[in-house]
Protein chains: 2
Amino acid sequence: MIGEMARAATTSDVFNAIAEPQRRAILALLRGAERPVSDVARQMGMTQPRASKHLRVLREVGLVTDRQAGKQRLYSLDARGLRPVHEWTGGFERFWNDSFDRLEAYARDLARKRSQ
Amino acid sequence: MIGEMARAATTSDVFNAIAEPQRRAILALLRGAERPVSDVARQMGMTQPRASKHLRVLREVGLVTDRQAGKQRLYSLDARGLRPVHEWTGGFERFWNDSFDRLEAYARDLARKRSQ
DNA sequence: CAATCATATTCCCATATGGGCATATGTCAA
DNA sequence: TTGACATATGCCCATATGGGAATATGATTG
């Protein structure tokens, strides 16, 4: 029997993986270039184990790739996994535009009334 | 003293709020129209308390709005909060395109070699 | 006010999480 | 092989989470 999970495993879901601010920051950092763990840790101001753990999560959902380079292990971005997220949110684009339009209309209306 | 948080509170972060598949489904459902809790619960096949809890999270991060309508409380989508997510992922668009291009190139190369 | 329908909240549980720390594993050089 | 550096893991903790069940709170109607 498998018990009910309290929440989808972070290791299997890109949405969950990027729910962590530090991981988002790491992805942004890797946008520049591939980097060894120590570099990530330093740039992000975190301990090495912490960086490794976050990188592991990112690797498991496929957002980063790693390769050995001498003693170092270089992590690089693989942004393809972000595409579904972008597309999912994109499915709401016209709704946030609608909201915006409504707000604008409201603001215009206010201004009109005030000017009378 | 405030103890270290194990993870950013779901109630304060849109990224975290949409990390839950059911909440994403609720947002998609509300894209159609505003709906009472009972409706959401039924459509999603979940109990009422569960629906209420998810809706609460969504409300607290500003992704939904609610208004009283008789005995019912109607929830409606406010997609504006999804925009930052869309934009953040959009910042990686050229990278996933790059990856795609590289993959394509690789595939082409494979095909070329095989045809020789 | 009482009864009823709709929703929110509370309490409890099992599990997932992030972080620290110590330590294992891996890689290369001498 | 040994030593050094680089990274990954394991263990432990405090906290957050989703879910269920029972119950409180709200709103409406009679």
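Numbers restart at 1 for each chain; the letters A, B, ... are given by sequence-line order, proteins then strands. Since the structure is predicted, the reported quantities are computational estimates derived from the model, not experimental observations.
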Next on the checklist: Nearest whole Å is fine: how far is dG18(C) P from His54(A) NE2?
Outcome noted: 6 Å
Checklist entry - For the pair made of CZ in Arg23(A) and C1' in dG18(C), what is the distance, rounded to whole Å? => result 9 Å
Next on the checklist: For the residue pair Gln43(B) / Arg35(B), report whether a side-chain donor-acceptor contact shorter than 3.5 Å exists.
Outcome noted: no
Next on the checklist: If we ignore hydrogens and angles and just use 3.5 Å, is the side chain of Gln72(B) paired with the main-chain N or O of Leu74(B) as donor and acceptor?
Outcome noted: no
Next on the checklist: What is the distance, to the nearest angstrom, from the CD1 atom on Ile26(B) to the P atom on dG18(D)?
Outcome noted: 11 Å
Checklist entry - How long is the line joining CG of Asp66(A) and P of dG26(C), in whole Å? => result 14 Å
Checklist entry - Would you call Leu63(B) and Asp78(B) a side-chain contact if the rule is heavy atoms closer than 4.5 Å? => result no
Next on the checklist: Is there a ring-ring contact (aromatic ring centres under 6.0 Å, His included) between Trp88(A) and His86(B)? Walk through the geometry before answering.
Outcome noted: CA-CA 8 Å; Trp88(A) 184 79; His86(B) 191 251; over 10 Å; no
Checklist entry - Taking Arg80(A) for the side chain and Trp96(B) for the main chain, is one N or O donor matched with an acceptor at less than 3.5 Å? => result no
Checklist entry - Thinking salt bridges, do Arg56(A) and Glu60(A) make one under a 4.0 Å N-O criterion? => result yes
Checklist entry - Rounded to whole angstroms, how far apart are CE on Met46(A) and P on dG18(C)? => result 11 Å
Next on the checklist: Output the rounded distance in Å from CD (Glu60(B)) to P (dA8(C)).
Outcome noted: 12 Å
Checklist entry - Does a side-chain N-to-carboxylate-O contact under 4.0 Å join Arg83(B) and Glu87(B)? => result yes
Scan nucleotides 2-6 of chain C against the protein and return all N/O pairs shorter than 3.5 Å with their distances rounded to 0.1 Å.
residue : atom : partner  : partner atom : Å
dC5(C)  : O4'  : Lys71(B) : NZ           : 3.4

Checklist entry - Asp39(A) has an atom CG; how far is it from atom C1' of dC5(D), in whole Å? => result 15 Å
Checklist entry - Rounded to the nearest Å, what distance is computed from the CZ atom of residue Arg42(B) to the C1' atom of nucleotide dT7(C)? => result 14 Å
Item to check | Main-chain N/O of Ala17(A) paired with Arg23(A) side-chain donor or acceptor, under 3.5 Å | outcome: yes
Filtered N/O pairs between nucleotides 9-11 of chain C and protein, under 3.5 Å:
residue : atom : partner  : partner atom : Å
dT10(C) : O4   : Lys53(B) : NZ           : 3.3

Next on the checklist: When you compare the side chains of Arg59(B) and Tyr75(B), does any donor N or O come within less than 3.5 Å of an acceptor on the partner?
Outcome noted: yes
Next on the checklist: Please confirm whether the shortest side-chain N or O distance from Tyr75(B) to OP1 or OP2 of dA8(C) is below 4.0 Å.
Outcome noted: yes
Checklist entry - Does Gln22(B) put a side-chain nitrogen or oxygen below 4.0 Å from OP1 or OP2 of dG19(D)? => result yes
